[in-house]
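Below is one structure; the comments refer to it alone.
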Amino acid sequence: GAVVSQHPSRVICKSGTSVKIECRSLDFQATTMFWYRQFPKQSLMLMATSNEGSKATYEQGVEKDKFLINHASLTLSTLTVTSAHPEDSSFYICSASSWDNNYGYTFGSGTRLTVV
Amino acid sequence: QKEVEQDPGPLSVPEGAIVSLNCTYSNSAFQYFMWYRQYSRKGPELLMYTYSSGNKEDGRFTAQVDKSSKYISLFIRDSQPSDSATYLCAMSAGNQFYFGTGTSLTVIP
C-alpha cells in the first residue's frame with residue numbers, strides 16, 4: 001500500500017529558530033501534498049496544498065512567509081516553520097495524494113513541534 | 001454551517017460491544033467517503049473508503065453511506081481495547097477533502 005514517511009517525529013526548538021519537516025512518499029509519486037496542523041482534541045486544519053513544481057496554495061489565515069513549503073520532487077515536500085514561537089507548537093501532519101494509488105490520500109505519522 | 005459534523009464524544013464502551021460512529025454533511029457534491037483511525041500522537045490511517053451510497057464491510061468494520069440523508073456511519077463489531085482511538089470521517093469532492101472533528105473512542109477491557 002501507499003506509504004508516506006514524515007520526519008522528524010518530534011522536535012524541540014528555541015524560540016526564533018527555524019525548523020524543517022520532511023514528508024516523503026515512499027512507493028508512489030505524490031502529485032499533490034497537503035500540510036495540516038492539529039491541536040489537541042481537535043481535527044486536522046489544512047494549512048496548504050502543494051503541487052510538485054509549483055507554489056503552494058495557502059489556506060486563509062496561514063502566513064506563507066512563516067510556513068514555507070517546498071515540493072521540488074514527486075516524492076518530497078518540506079515544511080519550514082521560520083522564526084518559530086511557542087504558539088507554533090503543535091502537531092503537524094503531511095499527506096500525499098496520487099490518484100494512481102487508489103487511496104487518494106495517505107497521511108504521514110506526524111511531527112510534534114515544541115517551541116520553548 | 002460546517003461542511004462535516006461529527007460528535008467528538010468521548011465514547012466509552014465495554015469490550016465486545018458494537019460501536020456506532022456517525023457524521024453528517026451538507027455538501028451534496030461529496031462522492032468519496034472515508035473513515036480514518038488516529039492513535040494518540042500518530043497520523044491518521046485509512047480504515048474504510050467508499051464511493052457513493054451503500055454499505056462496505058471489512059472484517060469487524062462496516063461503513064454505511066446514505067447520500068439522501070447526507071449521513072455516514074462506521075460500525076465496529078466485537079470492539080477490542082486496541083480499537084481505542086480517535087475516528088475521523090472524511091469526505092471529498094474532487095481534490096477537496098473535508099474532515100470531521102473526530103470521535104474519541106475508548107474500549108474498556
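In what follows, chains are A, B, ... by sequence order, proteins preceding strands, each numbered from 1.
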Chain A contact via B:Pro44 - side chain, backbone, both or neither, heavy atoms under 4.5 Å: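 For B:Pro44, the contact with chain A is made by backbone and side chain together.
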Do [X] and [Y] sit in the same hydrophobic cluster, where Ile, Leu, Val, Met, Phe, Trp and Tyr count as joined when their side-chain heavy atoms come under 4.5 Å apart?
{"X": "A:Val19", "Y": "A:Leu68", "value": "no"}
{"X": "A:Met33", "Y": "A:Val4", "value": "no"}
{"X": "B:Tyr98", "Y": "A:Trp35", "value": "no"}
{"X": "B:Leu105", "Y": "B:Phe75", "value": "no"}

Rounded distance [0.5 Å steps], OG in A:Ser109 versus OH in B:Tyr39: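 A:Ser109 OG to B:Tyr39 OH: 15.0 Å, rounded to 0.5 Å.
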B:Glu45 CD to A:Phe107 CZ distance, which is reported to the nearest 0.5 Å: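 The distance works out to 11.5 Å.
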Contact check, side chains of B:Lys42 and A:Ile93, non-hydrogen atoms, under 4.5 Å: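 A side-chain contact is absent here, since even the closest heavy-atom pair is not under 4.5 Å.
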Closest contact, heavy atoms only, A:Phe91 versus B:Gln38: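 Minimum heavy-atom contact is CE2-NE2, 4.0 Å.
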Under 4.5 Å from any heavy atom of chain B - which part of A:Gln6: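 Interface part for A:Gln6: neither.
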Greater than 12 external heavy atoms within 6.0 Å of A:Lys20's NZ: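 Counting neighbours around NZ of A:Lys20, 12 or fewer heavy atoms of other residues, nucleotides or ligands fall under 6.0 Å, so no.
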